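This report refers to the structure that appears directly beneath it.
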Protein chains: 2
Amino acid sequence: MSKRLTIKDIARLSGTGKSTVSRVINQQGDVHPQTRQRIEAVIKQHQFIPSRSARAMRVNESRVIGVILARLDSAAENQAVSAMLPLLYQYGYDAMVLESRFSTTKVTEHLQVLGQREVDGVILFGFTGLTTGMLAGWENKLVLMVQSCRGFSSVCYDDAGAVNLLASHLQQLGHRNISYLGVNEEDKTTGGDRYRAYLSACQQLKLTPLAALGSLDYHSGYDLAAQVCTDETTAVICATDTLALGVYKYLRQNPQKNIQVAAIGNTPLLGFLFPDVVMLEFGYATAGKLAARQLIAHLSRAAPVRSFLLKGKLTSDF
Amino acid sequence: MSKRLTIKDIARLSGTGKSTVSRVINQQGDVHPQTRQRIEAVIKQHQFIPSRSARAMRVNESRVIGVILARLDSAAENQAVSAMLPLLYQYGYDAMVLESRFSTTKVTEHLQVLGQREVDGVILFGFTGLTTGMLAGWENKLVLMVQSCRGFSSVCYDDAGAVNLLASHLQQLGHRNISYLGVNEEDKTTGGDRYRAYLSACQQLKLTPLAALGSLDYHSGYDLAAQVCTDETTAVICATDTLALGVYKYLRQNPQKNIQVAAIGNTPLLGFLFPDVVMLEFGYATAGKLAARQLIAHLSRAAPVRSFLLKGKLTSDF
DNA sequence: CTGTTAGCGCATTCAA
DNA sequence: TTGAATGCGCTAACAG
């Protein structure tokens, strides 16, 4: 169990000085080709790996970016994360993943930990309750997802547009009694924004609204389904694919009701089990890549703060 | 944008020496209560946060543990991860998460990256194809999940026991024609082990086996369902909850068939949508915690290499 | 109990 | 083109 080698050892073994080795490793400055080769040979031979923490301390740059997601088991979020990881690796960053579970306290704690680790940047999946104050000090090295916030770059979803698109699509399909199953307005985006969009869509399309708001899980979808599946209802828009699953369960138990279900989200499972669903997805992978790209841009040269708004796309076959 | 403070600054500001500050921070050694208070006050006042990388370099311990999972979007895996993160935090570790996507090359790469980062330990979610060679050098600081391997601690699932339990349970329920829908034997545990367990269970219970093997996704479950849902079949065991979803889709399209579905897994969704399913779950959260605990034990004092075998538990209401 | 000192492994001047 | 010297922020001996 010998100690790990250091550039000093490499220098000794290749008969040069530490700084030359450092130059070779970081591919900078002019090094005589022959010297370089010699050093590279030694490095390869001993499988030398320079210490990150030493470098980090010296250069004040850890090449780590922190990712704070609300829930590891959210399909949307882990799709986004999966998409950005390779991009980060590619630029030499590694990701430190933390879970907030929608707790602002945890976000603050995690941000502190990340600060202590001197991470170069952070990608934070927002949720209602987060305030600007909690993000103080991270301007220009933090990209916010799902939420926007003054002074921070962000990647958001066009919630209103999505509901609109769904509503008018259903109308074109001939539906006139389109109800809505959503989430408490307490949740700003998924809850409030989408619900209001539904209401205004109804106004525009001259439909009488019928809505029920609950929580995010499918149990809520199931429980509230009856309220938005009346005898007149011909279609229901679900704020979330998860909610749609609840509705489908309800509809299976009430087979006499013939209702078109539409939902925002992209759980492939939903489309698999219930092929006649109308789904609208934002492309979480795209969102993840966008966020990563923007963060990297911020870190290399001070790129301007920007907000991206992802439009939804229908994935139905109609 | 002033520079970050260092313990030197804190020492100066509180009129003491660096080491005393260090002692206070690390709560070690004896420090005069008054001095301690003074220092703590200064620290709080300036929101001083000691640099991790400096400490890491000095102590040769990064307090980071790497987690290599196969897929971020696997319910089983991210449940396990979610469970171990808090435990790791609690012990002062942070997690660096990497995704292998079932590629052994990526595992090797990631392991190298983690080595460079001088992580203290690794939790690796195994898959078929991994060899001992790839793990060389990580003995005693790597816990393997799902797979076992000489010289490494591991947390595995009792695949054979699970299938057995399921089979005998179904038999007790009166089923005599129990078929099996599984995964290619190419996949050692989920594929081979479970399949063989089914075959031997049939032998023991004196049943005639009927099986079909495919891939892991629900499409495969759907495609193969017909083969294992004959007119005589009264129950089918699915190697995976995902496969069960495929079977249910098939059964919905063939309502005349009345077949009891049983599956290994714990996607709550399955039980929600199809309450009559018989599910057997291993407790992925438990597995995650177990792995984390074992790793931490290894890191603190050289705990012996151990293999944990998680028994499955029926979650049906029968 | 406390301050001083000496590195940890590396990148970066500065001379050579 | 190169090596020697310096210090990043911190902990651990050691000496007071």
Side-chain angles (χ1 to χ4, degrees), chain A residues 1-40 42-43 46-64 92 113-120, chain B residues 1-43 46-64 92 113 115-120:
Chain A
M1 194 70 155
S2 57
K3 286 229 162 300
R4 267 184 57 161
L5 283 80
T6 74
I7 52 170
K8 198 169 154 190
D9 299 312
I10 302 299
R12 185 171 36 77
L13 288 165
S14 51
T16 68
K18 298 193 309 179
S19 35
T20 312
V21 176
S22 180
R23 285 190 193 99
V24 169
I25 290 172
N26 301 314
Q27 340 226 32
Q28 67 174 221
D30 287 325
V31 175
H32 192 89
Q34 209 166 354
T35 320
R36 172 184 300 278
Q37 293 217 343
R38 197 149 33 93
I39 294 179
E40 277 171 347
V42 177
I43 288 181
H46 294 270
Q47 295 182 253
F48 166 70
I49 294 176
S51 151
R52 281 273 203 178
S53 25
R55 180 178 213 287
M57 194 181 93
R58 186 63 234 255
V59 218
N60 225 31
E61 167 190 279
S62 60
R63 288 264 133 187
V64 174
V113 170
L114 293 174
Q116 184 165 3
R117 294 243 177 237
E118 297 162 283
V119 298
D120 297 334
Chain B
M1 194 71 156
S2 57
K3 286 227 163 299
R4 267 184 59 163
L5 283 81
T6 76
I7 51 169
K8 199 170 153 191
D9 300 312
I10 302 301
R12 186 172 36 77
L13 289 165
S14 52
T16 67
K18 297 195 308 178
S19 41
T20 311
V21 176
S22 179
R23 284 189 194 100
V24 170
I25 290 172
N26 301 313
Q27 340 225 32
Q28 66 174 223
D30 289 326
V31 176
H32 192 90
Q34 208 166 353
T35 320
R36 173 184 298 281
Q37 293 217 343
R38 197 149 33 94
I39 294 180
E40 278 172 346
V42 177
I43 289 182
H46 293 271
Q47 294 182 256
F48 167 69
I49 295 177
S51 152
R52 280 273 202 177
S53 27
R55 177 177 215 287
M57 195 182 92
R58 186 64 234 255
V59 192
N60 222 33
E61 168 190 276
S62 60
R63 290 265 130 185
V64 174
V113 169
Q116 183 163 5
R117 294 241 178 239
E118 296 162 283
V119 298
D120 298 333

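Note on naming: letters A, B, ... go to the chains in the order of the sequence lines (proteins, then strands), and numbering restarts at 1 for each one. Note that the coordinates shown come from a computational prediction; the quantities given were computed from them, not determined experimentally.
Going from atom CD1 of A:Ile49 over to atom P of C:dC10 covers 11 Å, rounded to whole Å. Atom CZ of B:Arg55 is separated from atom P of D:dG9 by 17 Å (rounded to the nearest Å). If you measure from atom CD1 of A:Ile10 to atom P of D:dT2, you get 17 Å, rounded to the nearest angstrom. Atom CZ in A:Arg117 sits roughly 18 Å away from atom P in D:dG9 (whole-Å rounding). One can place CG of B:Leu5 at 15 Å from C1' of D:dC10, the figure rounded to the nearest angstrom. Protein atom CD of B:Glu118 is 10 Å distant from nucleotide atom C1' of C:dC8, rounded to whole Å. Regarding A:His32, its NE2 atom lies at a distance of 12 Å from the P atom of D:dG3, rounded to whole Å. Following rounding to the nearest Å, A:Asn60 (CG) and D:dG9 (C1') show an atom-to-atom distance of 10 Å.
Under a cut-off of 6.0 angstrom, the local environment of CD in B:Gln47 is sparse, with at most 12 non-hydrogen atoms contributed by other residues, nucleotides or ligands.
Across all strands, A:Ser22 comes closer than 4.0 Å to base atoms (heavy-atom distances). Within 4.0 Å of B:Ser53, counting heavy atoms only, lies no atom of the nucleic acid at all.
Of the listed nucleotides (C:dT13, D:dT1, C:dA11), C:dA11 has the atom at the smallest distance from the side chain of A:Val59. The side chain of B:Ser19 approaches C:dG3 more closely than any other nucleotide in the set D:dC10, C:dG3, C:dA11. Across C:dC10, D:dG3, D:dG9, the shortest atom-to-atom separation from the side chain of A:Thr20 is found for D:dG3. Closest contact between the side chain of A:Arg23 and the listed nucleotides D:dC10, D:dG3, C:dA11 involves D:dG3. You'll find that the side chain of A:Lys18 is closest to D:dA5, out of D:dA5, C:dG3, D:dT2. With C:dG9, C:dA11, C:dT13 as the choices, the nucleotide that has an atom nearest any side-chain atom of A:Thr6 turns out to be C:dG9.
The phosphate of C:dT2 has OP1 or OP2 within less than 4.0 Å of a side-chain N or O from B:Thr35. Applying the 4.0 Å criterion to OP1 and OP2 of D:dT1, one finds that A:Gln34 has every side-chain N and O outside that range.
Applying side-chain contact (heavy atoms from CB on, under 4.5 Å) to B:Ser53 and the options A:Arg58, A:Gln116, A:Glu118, A:Arg55 leaves one that passes, A:Glu118. When each of A:Ile39, A:Ile43, A:Leu5 is paired with A:Leu13, the side-chain contact (heavy atoms from CB on, under 4.5 Å) condition holds for A:Leu5 and for no other.
Here the closest non-hydrogen pair linking A:Ser62 and A:Asp120 is N-OD1, 3.0 Å.
The base of D:dG9 is not paired with the side chain of B:Arg52 by any donor and acceptor separated by under 3.5 Å.
Projected onto DNA chain C by closest heavy-atom contact, B:Met57 and B:Arg38 fall at different nucleotides, the more 5' of which corresponds to B:Arg38.
A side-chain donor-acceptor contact under 3.5 Å links A:Ser14 to the backbone of A:Ile10.
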